[in-house]
Protein chains: 2
Amino acid sequence: MPLIIENIEKHVTLSPEEKELFLSKTEIKHYKAKSILLNSGEICKQSYFVNSGVLRSFNINDNIVEQVLNFASEGWWIADMYSLISKKPGNLFIEVIEDAELVLLSKENQEQLYSEIPKLERFFRILTENSLVAHQERLMDNLSLSAEERFEKFCKRYPNLIQRIPQKQIASYIGVTPEFFSKMKAKLLRK
Amino acid sequence: MPLIIENIEKHVTLSPEEKELFLSKTEIKHYKAKSILLNSGEICKQSYFVNSGVLRSFNINDNIVEQVLNFASEGWWIADMYSLISKKPGNLFIEVIEDAELVLLSKENQEQLYSEIPKLERFFRILTENSLVAHQERLMDNLSLSAEERFEKFCKRYPNLIQRIPQKQIASYIGVTPEFFSKMKAKLLRK
DNA sequence: TTTTGCACTTAACCTAGATTAAGAAGTGTT
DNA sequence: AACACTTCTTAATCTAGGTTAAGTGCAAAA
C-alpha cells in the first residue's frame, strides 16, 4: 500500500476504486539533493508528498538572509500554501535537502478530486487544521520560549531530522544565527 | 442578510434552505467586556463568529505572562483550534475585550453540518487554509522583522483594531514587553 | 593534488529588547 | 470624593542573541 494512501486513510476511508482514481491523478518523481522545486516569484501549482528524502521551504529577506519556514520528510506534505491557494506568485523557495522520491499532486487535479471524491475535501481540511495548530504552537513558542528551549523542543519533536539537515538550517528554523546556534549547542553538550 | 451568511457566501453559495438549516444550528449570544468564554484547561466545544465587538485568545506561560495569540472583531471566527479538533483540554483563554454579539457554533453541530451540507466542509477548509497562510506569514515576520516593522505591519493590516485594544495586548501580539512598546511608540510619534 | 567553497566554530564586541522600579494618568467602585 | 486598580510612561540597568572577523575541517571540482 503506497505511503500516501496510508496517510490519507489515517483520516478518511477510501474504496479500492477511489484509491486508484486518486493515484491516477498523481505522479511520482525523483529529485537529487539541492534541486529547487519552486522559486520565489513563481506560482506554486503542485503539492509534494514525501515518500523518501527531506525538503525544506524558505524565503530570502532583503535578498540576503535565508529564513526556513518548514521541513518535510517521509509522510509529510510540502507546498507554498499562499501561492497554491491564491494562484499568485509566492515568495517561498522549495528545495530538496536529501535525495527524494515525491508524489506530485497538481492543484488542478486536487480540485477535480474534491468533486469526484468529496471525502478528500475532508481529508485536506483535517490536514490543514493540523498544520494550522502546529504553526500556532510554533508561533507561541517563538514569542515566549528562549532559543535553547525552542531547540530542545525541536529535538524532541523531530529527533530523526537533526542528523539529516545542515545545522545552519535548523538554526534558521528556530530563529537564531548559525553562530549563536553553534555556541548554544556547545553549551548544551558541556552539560 | 446575517453577517455570518455573507461571510460564508464569499467562498461557497448556499440555497435559502441551506442558509436556514445553517442558522438553525447556531445561537446568538451577547457578552460584556471581560467575560471569559474559555479557560485554559477546558475543552473548547464551540467556534465563535463575531457580529460585533472584539475578542482575543491568549495563554499564560509559567502562570505569569499573558501571550496573545489572536484578536477577532466583526466578521472573524475565533476558537481554540487545538482543543476544538483534538477534543482535549487546551491552554488558551478566550476573552471579550469589547462588548460583543457572537454567533456560537458547537463542534457537534459543525460536524453534522458537514454531512448535511458538504459545501460547508469546503467553506471551513478554505477558512482554515487562509488562517494557516496568515499564521505562516506572521511566523516568518516574527523571525525576520524588527519589533518596529512588526508594529507597522500590524497597524496597516488592522488599522481599526488599534483604538479598540489595550496597548499592552498589542505589545504581546507582536512579541514585545509593554514597556518597550511604549518606548517604541513614543519614538515613532517623534518622527 | 591542489584549490575552491561551504559548513561549522570561536571569540570579541555590540544592540534590540527585557527587567526593574517608580511615577502619572485614567477608570470604575463605594 | 476617595479608593483601589489598571494602563501607560520614563529611565536606569542588564542580557540574550546578533555582528564581525578569523580560523578549521572537509568534500567536490578541476
Side-chain angles (χ1 to χ4, degrees), chain A residues 32-36 54 56 58 60-62 64-68 71 93 95-99 140-155 161-191, chain B residues 32-36 54 56 58 60-68 71 93 95-99 141-155 161-191:
Chain A
K32 287 270 160 214
K34 298 192 182 164
S35 311
I36 300 285
V54 183
R56 66 168 175 147
F58 64 98
I60 300 189
N61 325 88
D62 313 320
I64 310 179
V65 191
E66 288 185 11
Q67 177 57 60
V68 172
F71 297 112
F93 295 79
E95 186 198 45
V96 179
I97 295 178
E98 184 187 86
D99 293 3
M140 294 297 259
D141 286 350
N142 276 307
L143 290 168
S144 55
L145 301 184
S146 68
E148 220 169 291
E149 291 169 314
R150 277 176 271 146
F151 177 49
E152 278 164 0
K153 246 182 135 162
F154 181 87
C155 291
L161 278 186
I162 296 163
Q163 302 84 331
R164 300 167 74 184
I165 296 173
Q167 182 173 304
K168 56 181 252 180
Q169 289 176 18
I170 299 177
S172 170
Y173 180 93
I174 69 171
V176 295
T177 57
E179 293 85 357
F180 183 74
F181 187 88
S182 177
K183 186 161 71 174
M184 186 174 77
K185 201 185 77 174
K187 192 181 135 207
L188 286 175
L189 287 177
R190 243 177 285 124
K191 288 186 189 171
Chain B
K32 287 270 160 213
K34 300 192 182 163
S35 312
I36 300 285
V54 184
R56 67 166 174 148
F58 64 99
I60 301 189
N61 326 88
D62 313 321
N63 304 310
I64 310 179
V65 192
E66 286 184 14
Q67 176 59 59
V68 172
F71 297 113
F93 296 79
E95 187 198 44
V96 179
I97 295 179
E98 184 187 86
D99 293 2
D141 286 350
N142 276 307
L143 290 168
S144 54
L145 302 183
S146 68
E148 220 169 289
E149 291 169 313
R150 275 176 273 146
F151 178 48
E152 279 163 0
K153 244 181 138 162
F154 182 87
C155 292
L161 277 187
I162 297 164
Q163 302 84 331
R164 301 166 73 184
I165 296 173
Q167 182 173 305
K168 57 180 253 184
Q169 287 175 20
I170 299 178
S172 170
Y173 180 92
I174 69 171
V176 295
T177 58
E179 294 84 357
F180 182 75
F181 187 89
S182 176
K183 185 161 73 174
M184 187 174 76
K185 202 184 77 174
K187 191 182 135 205
L188 287 173
L189 287 177
R190 242 177 285 125
K191 287 185 190 169

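Protein chains get the first letters and strands the later ones, always in sequence-line order, with residue 1 at the start of each.
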Query raised in the report: Rounded to whole angstrom units, what separation is found between the CZ atom of A:Arg190 and the C1' atom of C:dT10?
Result: 11 Å

Query raised in the report: To the nearest Å, how far apart are A:Glu148 CD and D:dT15 C1'?
Result: 14 Å

**Report entry** Contact under 4.0 Å: B:Lys185 side-chain N or O vs D:dC8 OP1/OP2
**Finding:** no

Report task. Determine the interplanar angle of the B:Phe181 and B:Phe151 rings, folded into 0 to 90°, and report it as parallel if under 30°, tilted if 30 to 60°, perpendicular if over 60°. Result -> perpendicular

Requested in this report: May I have the step-by-step check of side chain to side chain contact (heavy atoms under 4.5 Å, CB included) for B:Lys185 and B:Ser182, ending in yes or no?
Outcome: CA-CA 5 Å; B:Lys185 202 184 77 174; B:Ser182 176; 5.8 Å; no

Query - Shortest non-hydrogen separation from B:Val68 to A:Met140 and the atoms involved - result: O-SD, 4.2 Å

Report task. Would you mind reading off the bend of the helix from C:dT1-D:dA30 to C:dT27-D:dA4 from its two end axes, five pairs each, to 10 degrees? Result -> 40°

Query raised in the report: When the distance from NZ of A:Lys187 to C1' of C:dT9 is rounded to whole Å, what number comes out?
Result: 17 Å

Query - Distance-minimising heavy-atom pair for A:Glu66 and A:Ser172 - result: O-OG, 3.3 Å

Query raised in the report: Atom CG of B:Leu143 to atom P of D:dA16: distance rounded to whole Å?
Result: 20 Å

Report task. Would you kindly compare A:Glu179 and A:Leu145 by the position of their nearest DNA chain D nucleotide and give the one closer to the 5′ end? Result -> A:Leu145

Query raised in the report: Rounded to the nearest Å, what distance is computed from the NZ atom of residue A:Lys183 to the C1' atom of nucleotide D:dG18?
Result: 9 Å

**Report entry** Distance in angstrom units between A:Gln163 CD and C:dC8 P, rounded
**Finding:** 13 Å

Report task. Would you indicate which nucleotide in D:dG18, D:dT9, C:dC8 comes nearest to any side-chain atom of A:Lys168? Result -> C:dC8

Query - Side chain to side chain, A:Phe71 and A:Ile97, heavy atoms closer than 4.5 Å - result: yes

Requested in this report: Show your working on side chain to side chain contact (heavy atoms under 4.5 Å, CB included) between B:Leu188 and B:Glu152 and close with a plain yes or no.
Outcome: CA-CA 10 Å; B:Leu188 287 173; B:Glu152 279 163 0; 3.9 Å; yes

Query raised in the report: Taking OP1 and OP2 of C:dT9, is either one under 4.0 Å from a side-chain nitrogen or oxygen of A:Gln167?
Result: yes

Query - N or O in side chain of B:Thr177 less than 4.0 angstrom from C:dA18 OP1/OP2 - result: yes

Report summary line: note: B:Ile165, atom CD1; D:dC8, atom C1'; distance rounded to Å ~ 16 Å

Requested in this report: Kindly determine whether A:Arg190 and A:Lys187 satisfy side chain to side chain contact (heavy atoms under 4.5 Å, CB included), including the steps that lead there.
Outcome: CA-CA 5 Å; A:Arg190 243 177 285 124; A:Lys187 192 181 135 207; 4.2 Å; yes

Requested in this report: Check whether any side-chain nitrogen or oxygen of B:Arg150 sits under 4.0 Å from OP1 or OP2 of C:dA16, and answer yes or no.
Outcome: no

Report task. Among the candidates C:dA18, D:dT9, D:dG17, find the nucleotide nearest to the side-chain atoms of B:Ser182. Result -> D:dT9

Query - d(CD1, B:Ile174; P, C:dA18) in whole Å - result: 9 Å

